[in-house]
Amino acid sequence: MAQIINTRSPFYIKVSDSNLQEATLTLHIYSGNLISSPTSTELKYTITKSELEESNYVVFEIAELIRDYILNDYYTGSTTTNCVWVKATVAAKNESGAPITSPTINPSVTNQFLAVDGYGYFDEGVNPEPSRSLLQSNTIIYRPSDHQITIPVFREETNTLTYFLNSTQVSQETIDKTTSTDSTDKIVYVKKNITPSTFNKVVVNYDSGGGTADTTINVFDLDCSKYTPIKVSFINKLGALQEIWFDKRSNESIEASSNTYKASVMDFSTSTPSYNTSGHQDVTLDLVGKESIVMNTGYIDESHNEVFRQLMLSELVWMQDPDNSSSYLPLRPKTQSLQFKTRVNDKLVNYTVEFDFAFDKINTIR
């Protein structure tokens, strides 16, 4: 079973030996099916480092190098998130240049790693691994009653997702854990088309140490609203796409910016010099427009504080176009500060977030 690397946080490999002089790390990085012995085609980096001040160890930080090959460029509503395989190989030498056969390597590089576009928090320490079952932090989901829900899970550890209406089972999805070694299949997006009141909870059963365990997700229909619900998707802390709905009032705005220069409007070609009084003496140059949107949630559970923390820390956010459900527009959170709310302090929990559309309104792609 592959150890998971969160590429937005540092991942360290330490090589040590009492006779160590230098160590060379080679990194094979690729997506798709697992290759037992990657070739030069998959070789991306060869790094050699020497020990400092007879410390007898060297340390390699590889997450930033790997992240260059995780290309979550766009979201099309597909069920694929780009994870990559990483094969790390270490060769160590002593002071005379002879190979060291068994240096201490931590963590072990015997098996290949699986890298995702996730991160750990400071208080989780060095080289934290994400969840190997449910790939979202919240166990409460809100959704419009006529829309499907999507639950991200990790294939290797998840067994089933069972849907209940109160205590009555209505359906079950079984995760095929063993057939695929494709890196893009490791994160599974389980989608369920629903009608109002079809089910109100989902139980995720997964492997846990010596046995299995369950996580229950409660599903709530959003109240009917005169506003059009907007679905926002983002890459969360665990490197998976996660969805959240904003179902209250939204407002769009535009801000234009440009440069100007003074132009001469004089016409000296006539017998009497003159100029056109409808001509532009102040000429606009490089005019661009940036649009923004402010979205509001309804009243939600305070457990969504963590969802909004991860939304604010996400580098990749998209909005489903309300006028075209197959189109997703890139966003960038413009709100830079968000005060977390609790029932004790605030009674009711709701959020207002402003986003910039992550593109110029005028097509300037060249």
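Computed from a prediction, not measured in an experiment: that's the story for all the values here. Worth knowing before you read on, the calculation uses all heavy atoms, side chains too, and leaves out hydrogens, waters and symmetry mates.
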Check: Would S274 and T272 count as a side chain to side chain donor-acceptor pair (under 3.5 Å) if you check the C-alpha gap in whole Å, the side-chain angles of each, and the deciding distance to 0.1 Å?
Finding: CA-CA 6 Å; S274 64; T272 302; over 6 Å; no
Check: Can you tell me how far CD of E22 sits from NZ of K49, rounded to the nearest 0.5 angstrom?
Finding: 12.5 Å
Check: Does the distance from a Lys or Arg side-chain N to an Asp or Glu carboxylate O, for K231 and E243, drop under 4.0 Å?
Finding: yes
Checklist line | N-O pairing of K177 and E157 below 4.0 Å | finding: no
Item checked: Hphob cluster co-occupancy, Y119 + V116, side-chain heavy atoms under 4.5 angstrom -> no
Next item on the list: Go through the steps for V265 and H280 under the test side chain to side chain contact (heavy atoms under 4.5 Å, CB included), then give the verdict.
Entry: CA-CA 7 Å; V265 294; H280 288 72; 6.0 Å; no
Check: Is K14 close enough and on-axis enough to Y57, meaning under 6.0 Å and within 45°, for cation-pi?
Finding: yes
Next item on the list: Spell out, yes or no, whether L222 and I151 are grouped together once hydrophobic residues are joined by side-chain heavy atoms under 4.5 Å, including indirect joins.
Entry: no
Checklist line | D207/R132 ion pair, N-O < 4.0 Å | finding: no
Margin query: Minimum heavy-atom separation for V219 and R143, please, with both atom names.
Written below: CG1-NE, 3.7 Å
Next item on the list: Find the distance between CD1 (I141) and CD1 (I217) and round it off to the nearest 0.5 Å.
Entry: 5.0 Å
Next item on the list: Give a yes-or-no answer on whether the side chains of D267 and S269 include a donor-acceptor pair shorter than 3.5 Å.
Entry: yes
Checklist line | V353-Y328 co-clustered via ILVMFWY side chain contacts under 4.5 Å | finding: no
Next item on the list: Establish whether I140 and V203 are linked, either directly or via other cluster members, by ILVMFWY side-chain heavy-atom contacts under 4.5 Å.
Entry: no
Next item on the list: Applying ring-ring contact (aromatic ring centres under 6.0 Å, His included), run through F308 and Y351 and close with a yes or a no.
Entry: CA-CA 9 Å; F308 277 88; Y351 284 104; 4.5 Å; yes
Item checked: Modelled atom types, side-chain donor and acceptor of K87 and S37, under 3.5 Å -> no
Next item on the list: Establish, yes or no, whether a centroid distance under 6.0 Å links the rings of W245 and H147.
Entry: yes
Check: Would you say the ring centroid of F113 lies under 6.0 angstrom from that of F11?
Finding: yes
Next item on the list: Please step through side chain to side chain contact (heavy atoms under 4.5 Å, CB included) for the pair E306 and N138, ending with a clear verdict.
Entry: CA-CA 7 Å; E306 177 61 23; N138 53 301; over 6 Å; no
Item checked: Row check, F355 ring normal vs K334 NZ/CZ: under 6.0 Å, within 45° -> no
Checklist line | Residues E124 and K237 bridged, charged N to O under 4.0 Å | finding: yes
Checklist line | Test item: Q148 side-chain N/O and K191 main-chain N/O as donor-acceptor pair under 3.5 Å | finding: no
Checklist line | Residues K290 and E255 bridged, charged N to O under 4.0 Å | finding: no
Checklist line | Hydrophobic cluster membership, L311 vs F357, 4.5 Å side-chain cutoff | finding: yes
Margin query: Can you confirm whether K93 is buried at NZ, in the sense that more than 12 heavy atoms of other residues, nucleotides or ligands lie under 6.0 Å from that atom?
Written below: no
Note to self: Please give me the minimum heavy-atom distance between L114 and S183, naming the atom from each residue.
What the structure shows: CD1-CB, 4.1 Å
